[in-house]
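Some notes on the structure that comes next.
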Amino acid sequence: QEVKVAIRNSESRMANNVEIGFILSNKFIIEKMDYFSIYIEEQHQIVRYAEKEIHGDTLLLLNPLIVTPLDKGEFKTRTFVKAENIESTYRNVTLKVA
């Protein structure tokens with residue numbers, strides 16, 4: 001499955017050294033790509049996109065994340081956005097695989 005990834009900088013100022021990430025269960029196979037990094041832990045995988053800067057009032061479309069679920073069910077996922085000059089944001093998302 002292809003997961004589309006986008007980030008909006010709603011601030012009026014530019015965000016520098018931006019990191020966008022997903023903490024996914026190991027119940028997903030993530031297709032490795034050159035445009036993000038993956039750190040694998042015992043029960044989770046952390047996918048990180050990095051952007052040098054995102055201008056204010058801008059929507060940035062990133063390359064998709066391609067995942068293959070290994071099981072059916074509901075999987076709790078956490079996302080994050082971090083940057084030098086903005087407050088870090090975390091969101092909880094539930095992925096439903098039928």
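Quantities reported herein were computed from a predicted structural model and do not represent experimental measurements. Throughout, residue positions are numbered sequentially from 1 according to the sequence presented.
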Can you list, pair by pair, the side-chain donor-acceptor contacts under 3.5 Å of residues 50-71, counting residues two or more places apart and other chains?
| from | atom 1 | to | atom 2 | distance (Å) |
| --- | --- | --- | --- | --- |
| T58 | OG1 | H55 | O | 3.0 |
| T58 | OG1 | G56 | O | 3.0 |
| D71 | OD2 | K27 | NZ | 3.2 |

Using atom types as modelled, flag every donor-acceptor pair under 3.5 Å from a side chain in residues 77-88 to any protein atom, sequence neighbours excluded.
| from | atom 1 | to | atom 2 | distance (Å) |
| --- | --- | --- | --- | --- |
| R78 | NH1 | N92 | OD1 | 3.0 |
| T79 | OG1 | R91 | O | 3.4 |
| E84 | OE2 | N17 | ND2 | 2.3 |
| N85 | OD1 | N16 | N | 3.1 |
| N85 | ND2 | M14 | O | 2.6 |

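For the pair Q45 (side chain) and S25 (backbone), a donor-acceptor distance under 3.5 Å is present.
Listed here is the closest heavy atom pair of E42 and N26: O-ND2, 2.7 Å.
Listed by first and then second residue, the ring-ring contact (aromatic ring centres under 6.0 Å, His included) pairs that reach into residues 32-53 are F36-Y49, sequence neighbours excluded.
Follow the hydrophobic side-chain contacts under 4.5 Å out from I29 and you never reach I38; the two are in separate clusters. Taken together through direct or relayed side-chain contacts under 4.5 Å among Ile, Leu, Val, Met, Phe, Trp and Tyr, I46 and I7 form parts of separate hydrophobic clusters. V3 is connected to V97 through a chain of hydrophobic side-chain contacts under 4.5 Å among Ile, Leu, Val, Met, Phe, Trp and Tyr, so both are in one cluster. Cluster annotation: Y90 and V18 are assigned to distinct hydrophobic clusters (Ile/Leu/Val/Met/Phe/Trp/Tyr, side-chain heavy-atom contacts under 4.5 Å, transitive). By the criterion of side-chain heavy atoms lying less than 4.5 angstrom apart, applied directly or through intervening Ile, Leu, Val, Met, Phe, Trp or Tyr residues, I23 is not grouped with I40; the two fall into different hydrophobic clusters.
When side chains are defined from C-beta on, F22 does not count as touching V93, because their heavy atoms never get closer than 4.5 Å.
For the atom pair CD (E74) and OG1 (T94), the distance works out to 6.0 Å, reported to the nearest 0.5 Å.
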